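Bear in mind the structure is a predicted one, so any value in this text is a computation, not a measurement.
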Amino acid sequence: MGGILLLSGFLLCGVIICDALFSHRSGLVRLWLGLCMGLMLMMWLPVPFAYVLDFTRTAQLLAILSAALLAALATWGKRFIRRGAPLLEGVHTGPGFLGGMPAWLPIVLIVPLVLLSGYLQYTHVLRNVDGALYVGQSTYGDLCLHLGIATGLRNASFPPDYTILPGTLLGYPFLADSMVTSMLLLGSDLALSFTLTGTLMMALVYTGFVLFVWELTHKSAAVVLAYVLMFFNGGLGFLYVFDGAMKDPTALKNVFTGFYQTPTNMPDLNLRWVNVICDMMIPQRTLLTGWMVLLPALFMLLDAVRSRDLRRFALLGVWAGLMPMVHTHSFFALGLLSGGVLLSRVLRASARDRLRRLRCYLCYGGIALLIALPQLLTWTFPQTTGGGSLGFRFNWVNNQGDGCLIDGYFWFWIKNVGLVYLLMLPAALSMRKGGMLRALSLGALAIYAVAECIQFQPNPYDNNKLFYVAYMIMLPAVALYLLQLWEKLRGVHGRAMLAALFIGASTLSGALSIGREVVSNYQLFGAEEVQAASFIDENLPADAMILTGDQHNNAVAALAGRHIVCGTGSYLYYHGFDTTEERSAEAQMLAHPGESADLFEEYGVDYIYISGHERANFSADEAWFLQNCYLIYDEGGVRIFARDEEDALRALGDAELTVADSLAD
């Protein structure tokens, strides 16, 4: 309950602040920006206190007090903002809470997907079934990384290390998970904290996209089209599925029962343009948080460019500067987009106006870099360059790595993105020269070109986090272009059929993927692992080093948040780390503990965790541990040993140590 109150407090402070800063906007815009602001405050305000007090409950309480102070200052300063010159000149906001937007539009579009998202968050984040924890298809792989960060940050010193690679700075953007840690420290449940914040952020992304498209088009039909093409995206993979079903009737059933057999995610067929709800927003929490803060940045960018108000650019600079450790890809995409918009605006401006525009953009960029650079130098650059992944790679995952393309260049993009890809260029060219949509199109092109030519991480697939932003930005123009085509086809027999075929071909793959995700169900942790993790969490020190396996669904790291010798390469390799030495030491200590005394000391192992995984995959020498260590836990096939008496006493106490000794004998 305390965690929910903390979350509510930050959200309230954010709404109060944005009510002052954006008093010229509609109520819905202020509410949306305020909720996004509240989550940004919740992520960032504990950080400076954590450097002094560690990431503790005290740091969270000081953070919420700071947020309340900012809200009070914003309320006090609101009158001065209103007395000054209008923050936006000539921008139509419309009357009422919705700012001129039809009431049915956000209700019909946002509410159904929020309900769907809440259900998916519930089923995909540690759903308890008789003590075991279940997830969905898309979260089976990624969720444990986020769980481990959230549980491992409790009372951690700053800057934090990887709990799955102790001694290594946590360079992965961790603020998306630290808000969960904040809630845990005040007593909230792990699954509830993830589900609640995840659903809220998805709702804010849906709302932000609707407001973004409305701001650019002021056409309900354009908003509907863009919204459907964004969140039911998927490409032409359904054609491959139906072709396979003609030969084998079980192929269609396999879409709903197989592991990653949906028409948006079939690597064997080079189909990689996954549905954003199923495979991006639900499992990739950092990307979800990134989009939650990116959309307000896009909205502020529109405000600033249209008003040419230096204050608007300064506010955007502050917001953008806070983005790198929320989601680095979104920060980078915003920078590329802003460069494209600047170029478009400056080229068409008069010499006098050009200087004014440049001054505004320099203010924006300067403030953003001033705030972002410490983050980039501390976390991002060392991990990116240290991993040796930065380099030239043309055509994303269609490039096999040897310069040869798997599919023809344009066919690869058409079958993945779908018919929308064919409309992007004509849509951009059809927009008014000098208009905002034309400028945004140039920015989207900059993102696309960079992502198409440069690989930033060991997994080239991760460049999709840039491509999706370019796609998102282009959809308002595509939607308007489709409406233009609809008007031009007026009187043509069958235009409704053509429209239906286009929408069907553009959304069917996505709809099938969402359907598969709704029915997916996989056990992530057995009841015995959950029980053992609970014992560790309640009885072992927060800084304990535990020897265990390197499986991705490691209960010690994910549920208990304790340091382990080495985690899975599925995470660490793609974060740029070579863990060959650590994995070898881990295997040696488990299989040959009697010959590994030096390794136990080198890695500072305090406890040993042995479950079915360690027995099956590492041939753990349990007999040696029984004879030479203290057995402090033995339930459901899971055994936990302490290496020395002091650690055993700390875990069990004097009364129970005798029992442990007798078991060891």
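For the side-chain contact (heavy atoms from CB on, under 4.5 Å) test, residues two or more places apart in sequence or in another chain that qualify with T328 are P173, T380. For T151, the side-chain contact (heavy atoms from CB on, under 4.5 Å) partners are R154, L184, L190, not counting sequence neighbours. The salt bridge (charged side-chain N to carboxylate O under 4.0 Å, His left out) check on D189 picks up nothing, with sequence neighbours excluded. Judged as a ring pair (Phe, Tyr, Trp, His ring centres under 6.0 Å), and not counting sequence neighbours, the contacts of H329 are H327. A search for side-chain contact (heavy atoms from CB on, under 4.5 Å) contacts involving I514 returns L116, F232, N275, I277, C278, V518, not counting sequence neighbours.
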Yes or no on salt bridge (Lys or Arg N to Asp or Glu O under 4.0 Å) for D142 and R285, after CA distance, side-chain angles and deciding distance? CA-CA 9 Å; D142 284 354; R285 183 179 173 88; over 6 Å; no
Check the pair F577, Y162 against ring-ring contact (aromatic ring centres under 6.0 Å, His included), reporting the backbone distance first and the verdict last. CA-CA 11 Å; F577 298 112; Y162 277 90; 5.4 Å; yes
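A donor and an acceptor atom, one from each side chain of T568 and Q551, are nowhere located under 3.5 Å apart. A donor-acceptor contact closer than 3.5 angstrom is absent between the side chains of Q457 and H575. One side chain, S138 or E517, offers a donor N or O that lies under 3.5 Å from an acceptor on the other. A donor-acceptor contact closer than 3.5 angstrom is absent between the side chains of N463 and Q455. Y609 and E529 form no side-chain donor-acceptor contact under 3.5 Å, judged by distance and modelled atom types alone.
Taking the six-membered ring wherever Trp is involved, the centroid distance between the rings of Y522 and F259 falls below 6.0 Å. Less than 6.0 angstrom separates the ring centroid of F467 from the ring centroid of Y448.
Counted within 6.0 Å of OH on Y573, heavy atoms from surrounding residues, nucleotides or ligands total 12 or fewer; the atom is thus considered open. For F242, the CZ atom sits in a packed shell: over 12 heavy atoms of surrounding residues, nucleotides or ligands are nearer than 6.0 Å.
The side-chain heavy atoms of F231 and M281, taken from C-beta on, include a pair separated by under 4.5 Å.
Within the 3.5 Å criterion, the main-chain N or O of G258 finds a donor-acceptor partner in the side chain of R516.
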Enumerate donor-acceptor pairs with a distance under 3.5 Å from any side-chain N or O in residues 199-210 to protein atoms, sequence neighbours excluded.
unit_1: T199; atom_1: OG1; unit_2: T195; atom_2: O; d: 2.8
unit_1: Y206; atom_1: OH; unit_2: S117; atom_2: OG; d: 2.7
unit_1: T207; atom_1: OG1; unit_2: A203; atom_2: O; d: 2.8

